[in-house]
Protein chains: 2
Amino acid sequence: MDDKKIRNMEEFAAVSGISRPTLSKFFNDPSSVRASTRQRIEAALDRYDYRPNLYAINQNRRLTKNIGIIVPYLADPFFAEIARNIEEHILSTGYRPVLLGSHGSPDQEIENLENLRLLKPAGVLLAPLGRASDQARIAAFCEEVPTVLFDANVGSAGLAFVGSNNNQSIDLIVDYLCRTGEPPAFFEMKEPSNPNAYKRRHAYLAAMERLNHTPHLIQAAGEGWEFEEIGFREGTRVVRDRNLPTDTILCSNDRLAIGFLSAAYEAGIRVGLGTDCTMRVAGHDDHPFSRYTCPTLTTVSQDYEAIARKSAEKLMNLIEAEKPADSREETLFDGRLVMRGSA
Amino acid sequence: MDDKKIRNMEEFAAVSGISRPTLSKFFNDPSSVRASTRQRIEAALDRYDYRPNLYAINQNRRLTKNIGIIVPYLADPFFAEIARNIEEHILSTGYRPVLLGSHGSPDQEIENLENLRLLKPAGVLLAPLGRASDQARIAAFCEEVPTVLFDANVGSAGLAFVGSNNNQSIDLIVDYLCRTGEPPAFFEMKEPSNPNAYKRRHAYLAAMERLNHTPHLIQAAGEGWEFEEIGFREGTRVVRDRNLPTDTILCSNDRLAIGFLSAAYEAGIRVGLGTDCTMRVAGHDDHPFSRYTCPTLTTVSQDYEAIARKSAEKLMNLIEAEKPADSREETLFDGRLVMRGSA
DNA sequence: CCACAAACTTTACGCGCGTAAAAAATAAAT
DNA sequence: ATTTATTTTTTACGCGCGTAAAGTTTGTGG
C-alpha cells in the first residue's frame with residue numbers, strides 16, 4: 001500500500017492509468033467495464049487507498065443507492081431482529097441501508113422521513129407506528145419516494161405491504177387453545193401502541209364466534225411501549241381478582257405475555273399444562289425472549305426472515321422496474337404455532 | 001404553503017428576498033444573522049418547502065455535522081437502550097446521529113468504520129466488540145476521526161473512554177451475596193463475546209480473595225451473542241450435575257442469567273430467598289428484561305443514562321475544543337445494587 | 001447629522017464527481 | 001487485413017452549495 005494520499009478521482013486516474021469517466025463507470029457498476037480494465041483498476045485500488053467522495057457522488061444523482069429502513073422502536077427485539085435481517089438483504093444487493101428508529105413517537109417518525117428525504121434514497125422500507133402515525137404526511141412521503149410498508153399498514157400508502165396474516169395466526173392459536181382446554185380470554189392494551197393490535201382483537205372475536213364461544217376481552221390501561229410493564233401490572237390485577245370465566249389467556253403479543261407470566265409467577269400461580277397448573281397463557285410473535293420465560297411461552301411465530309426478505313425484494317423490484325407500479329400488492333405470511341410450556 | 005417547488009438555494013434567495021450567501025450563513029447557524037433577517041428567512045421557510053441539499057452542503061465541508069454511533073449488537077436491548085439515549089443527546093446539540101450495529105462481527109465493525117469515514121463525521125462514539133475487534137484498524141481510525149469509546153476499551157485507542165466500573169460493581173454484588181448467604185460461583189462464557197467479561201472475571205476473583213473465599217468459575221462453551229441460549233444450556237447442565245460447592249450463582253451478565261433462570265425453572269429448582277428455595281442467582285447490567293424474569297433478577301445496574309450522557313458530552317467538548325486533546329480521560333461509573341427476588 | 005462598525009449584497013470561483021459528445025483505441029468477426 | 005462493434009479517452013459542462021473579496025446598506029452612538 002503506497003501511502004501517497006489520493007485526494008480525488010482525478011488523482012486516482014493519474015496513478016491507475018485509467019481515465020476518470022471510466023473510473024466513474026467502474027465505481028457505479030464494476031461489471032460495466034471490460035474485464036481487463038476492471039483488473040487494472042482493482043490492482044490500483046489494492047495499492048492506493050481511495051474511495052470516491054460520497055457527497056460528490058450523490059450530489060448529481062437524482063437518486064442514491066441509499067435505502068431507508070424505519071421501525072417504530074429499535075429497543076424492541078422484534079424490530080431490531082427484523083431490521084437486522086432487512087439490512088443484510090439490502091447490503092447483498094449493493095445498496096446502502098440507513099436504519100432509523102422512531103422511538104415510539106409520531107413526531108420522530110415524521111422527522112425520520114424528512115431526514116431520509118434529504119438523503120434522496122432510492123427507496124424506503126417503513127414499519128409505521130400505525131394508529132399513532134401521521135397518516136397524511138406518510139401518504140405524502142410515499143408519493144415522493146418509492147416506499148414499501150411492512151409490519152403495519154397505514155391506509156393504502158406505499159407501493160406494497162408485507163406483513164403477517166393476523167387472522168390466520170390468531171385463528172390458529174385460538175383453535176389450538178380451544179381444542180386443548182378452556183377457550184381463551186384475550187389480553188391486550190385498551191389503546192394499543194403497536195399497530196397490529198386491532199387486527200388481532202378482531203381476529204380473536206371472529207375466531208371465538210366461529211367456534212361458538214363467548215369472547216372475553218381484558219383491556220389494560222397504559223400507553224407507550226413498555227409492554228412488559230403493562231402486562232405485569234394488569235396481569236397482577238387479573239390474577240388477584242380471579243373473576244375470569246376461563247383459565248386461559250391469549251395475549252395480543254409476547255411482550256405483554258412476558259409481563260403477565262412474571263405477574264403470575266410472583267403471585268404463586270403455576271402456569272402451564274401440568275396437573276399442578278391452574279392457568280394457561282399464550283402469546284403472539286415468537287419474540288426472541290419468549291423461549292426463556294417461565295414457563296416457556298407458547299405462541300405463534302411471525303416469520304421474521306420471510307417478512308424481511310419479501311419486503312426487501314419487493315422494494316428492489318419496484319426500484320429497478322422504474323415503472324410507476326401497476327397495482328399495490330399485499331403479502332401476508334402465515335404464522336406457525338410454537339408449542340412450549342405455557343399453554 | 002405555496003406549492004411552487006424550490007429547487008435550490010438560489011431560487012429560495014429569489015423568493016425570500018435574501019441573498020444566497022446570507023442564506024448559507026443562516027442554514028449553518030441561524031444565530032449568525034441579524035434577528036430581523038432571521039425572521040424574514042423563517043417567514044419564507046414557512047411559505048416555501050425548502051431545505052438545503054445535504055450532499056452539496058457536505059461536499060465542501062471538511063467535516064460534517066454527522067456523529068457516528070456504533071454498537072456491537074443492536075438486537076441486544078442493553079445496546080439499543082444506550083444507543084437511544086445517545087441519539088437524543090446528539091440531536092439536542094444540533095448534530096445528526098448515524099447509528100450502526102456491528103452484528104457481533106469484527107468485519108462488520110470495520111465495515112461500519114469505513115462507511116462512517118465516507119460520511120466525514122465530526123466525531124464517532126464507538127462501543128467496540130472488544131476482544132474480537134481488529135485493534136490495529138480501530139486505532140488507525142481513531143487517529144483520523146475524533147472518537148470516544150464507550151462500554152469497552154480497545155487498548156488505549158480513542159480520545160476518551162466512558163464505561164462502568166466493573167471492579168466496583170462486581171465487588172458490590174459479591175459482597176452482598178457473601179453477606180446474605182453462601183459465597184457465589186461465577187458463571188460466564190469460556191471465551192466471552194462481550195468485552196467486559198474478562199474484567200468481571202478478574203473482579204470476581206479479586207473480590208473472593210479479599211473476602212477469604214475460594215472462587216469457583218463455571219465456564220460455558222459457546223460463541224456468538226445468543227447469551228440466553230448459552231445460559232440456558234449450561235444452566236441445565238449445572239442444575240443437573242449438582243456438584244457445585246455453593247448454592248449461589250453470580251452471572252457475568254443478565255442475559256446469561258435470564259437463560260440460567262429459565263433452565264432452573266424447567267428443572268423444577270426454586271430460585272430465590274424463600275425457605276423453599278434451593279438456589280440464588282444474580283446478574284449484572286440491569287438489563288431491561290431482568291425485572292420480568294421468574295423470579296425477578298437481583299443484579300447490579302449500569303447507569304445507562306450517565307454513560308450515554310457523559311460519552312456524548314465528552315465527544316462534543318472534544319469536537320468543539322478543536323485542540324488535539326491534552327490527555328486521554330477515562331470515566332467509570334459505579335454500579336448500583338438492584339435487589340430483587342432471585343438473590 | 002456624521003462616523004463607524006456590523007450586516008448584507010454582488011460577484012466569482014471551486015469542490016469532486018456525473019455525464020454527454022466526439023474522437024481514438026481495442027477486440028471480435030468477416 | 002479489413003470491417004464492425006465495443007470500449008476507452010478527451011474534452012467540457014453542470015450540480016448545489018461554501019466561501020472569499022469588494023462594494024453597499026443598515027443600525028448604533030456620539
Side-chain angles (χ1 to χ4, degrees), chain A residues 4-45 48-66 94 96 115 117-122, chain B residues 4-45 48-66 94 96 115 117-122:
Chain A
K4 186 183 173 217
K5 297 273 179 197
I6 307 292
R7 308 190 152 278
N8 54 38
M9 204 179 277
E10 195 86 43
E11 288 188 18
F12 186 66
V15 299
S16 65
I18 306 285
S19 72
R20 195 174 68 71
T22 303
L23 287 175
S24 179
K25 276 193 75 182
F26 169 84
F27 284 114
N28 270 320
D29 176 8
S31 70
S32 69
V33 301
R34 202 188 292 147
S36 60
T37 313
R38 185 160 61 248
Q39 281 164 19
R40 286 172 61 199
I41 297 175
E42 277 160 358
L45 278 177
Y48 300 94
D49 174 33
Y50 168 71
R51 295 182 66 174
N53 181 309
L54 199 64
Y55 299 105
I57 290 176
N58 288 330
Q59 165 143 13
N60 298 319
R61 269 212 236 295
R62 209 176 58 76
L63 292 183
T64 67
K65 289 259 177 184
N66 294 327
R96 166 192 294 270
N115 284 333
R117 209 162 58 114
L118 295 182
L119 295 179
K120 298 194 279 190
Chain B
K4 184 180 174 222
K5 297 272 178 196
I6 307 292
R7 307 188 154 279
N8 53 39
M9 204 178 277
E10 194 86 46
E11 288 188 20
F12 186 67
V15 298
S16 64
I18 306 285
S19 72
R20 196 174 67 71
T22 302
L23 288 176
S24 178
K25 276 193 74 182
F26 168 84
F27 284 114
N28 269 320
D29 176 9
S31 71
S32 70
V33 302
R34 202 189 291 147
S36 60
T37 313
R38 186 160 61 246
Q39 282 164 19
R40 286 172 62 200
I41 297 176
E42 277 160 357
L45 278 176
Y48 300 94
D49 172 33
Y50 168 71
R51 296 181 67 175
N53 181 309
L54 198 64
Y55 298 106
I57 290 176
N58 288 331
Q59 165 143 15
N60 299 319
R61 268 212 236 295
R62 207 177 58 76
L63 291 183
T64 67
K65 290 260 178 185
N66 295 326
R96 165 192 295 271
N115 284 333
R117 210 162 56 114
L118 295 182
L119 296 178
K120 297 193 277 190

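Bear in mind the structure is a predicted one, so any value in this text is a computation, not a measurement. Note on naming: letters A, B, ... go to the chains in the order of the sequence lines (proteins, then strands), and numbering restarts at 1 for each one.
- Side-chain proximity of B:Q59 to the nucleotides C:dG16, C:dT26, C:dT9 is greatest for C:dG16.
- Across D:dG16, D:dG18, C:dC8, the shortest atom-to-atom separation from the side chain of B:T37 is found for C:dC8.
- Taking atom CZ of residue A:R51 and atom P of nucleotide C:dC17, one finds them 13 Å apart after rounding to whole Å.
- B:S36 comes within 4.0 angstrom of no nucleic acid atom, judged by non-hydrogen atoms across all strands.
- Contact annotation: side chain of B:R20 to base of D:dG18, donor-acceptor pair present below 3.5 Å.
- When each of C:dC17, D:dC17, D:dA20 is scored by its nearest atom to the side-chain atoms of A:I57, the top-ranked nucleotide is C:dC17.
- Taking the side chain as every heavy atom from C-beta outward, B:T64 and B:L119 never approach each other to under 4.5 Å.
- Residues B:P121 and B:L63 approach most closely at O-CD2, 3.6 Å, considering heavy atoms.
- Of the candidates D:dC17, D:dT11, D:dA20, D:dC17 carries the atom nearest the B:M9 side chain, counting heavy atoms from C-beta on.
- Taking side-chain N and O atoms only, B:S24 has a distance below 4.0 Å to OP1 or OP2 of D:dG18.
- The closest side-chain heavy-atom distance from A:Y50 to A:M9 is below 4.5 Å.
- Residue B:S19 places none of its side-chain N or O atoms closer than 4.0 Å to OP1 or OP2 of C:dT10.
- In this model, no side-chain donor or acceptor of A:N53 finds a partner on the base of C:dC17 within 3.5 Å.
- Residues A:I6 and A:E11 share a closest heavy-atom pair of CA-OE1, 3.7 Å.
- Looking at heavy-atom distances under 4.0 Å, A:F12 makes no contact with the nucleic acid at all.
- Closest to the side chain of B:N28, from the set C:dG18, C:dT9, D:dG18, is D:dG18.
- With B:K120 contributing its side chain and B:R61 its backbone, the two residues share a donor-acceptor pair below 3.5 Å.
- D:dA20 atom P lies 13 Å from atom CZ of B:R61, rounded to whole Å.
- Distance B:K65 NZ to D:dG18 P: 12 Å, rounded to the nearest Å.
- Taking atom CD of residue B:E11 and atom C1' of nucleotide D:dC17, one finds them 14 Å apart after rounding to whole Å.
- Closest to the side chain of A:R34, from the set D:dC17, D:dT8, C:dC17, is D:dT8.
- Regarding contacts with the backbone of D:dG18, every side-chain N or O of A:Y55 stays at 4.0 angstrom or more from both OP1 and OP2.
- Distance A:N8 CG to C:dG16 P: 5 Å, rounded to the nearest Å.
- When distances are taken from the side chain of B:P21 to each of C:dT9, D:dC17, D:dT10, the shortest belongs to C:dT9.
- The CD1 atom of A:I41 sits 9.5 Å away from the OG atom of A:S36 when rounded to the nearest 0.5 Å.
- Note on A:Y50: a side-chain N or O is less than 4.0 Å away from OP1 or OP2 of C:dC17.
- In this structure, A:R38 places its CZ atom 15 Å from C1' of D:dT8, rounding to the nearest Å.
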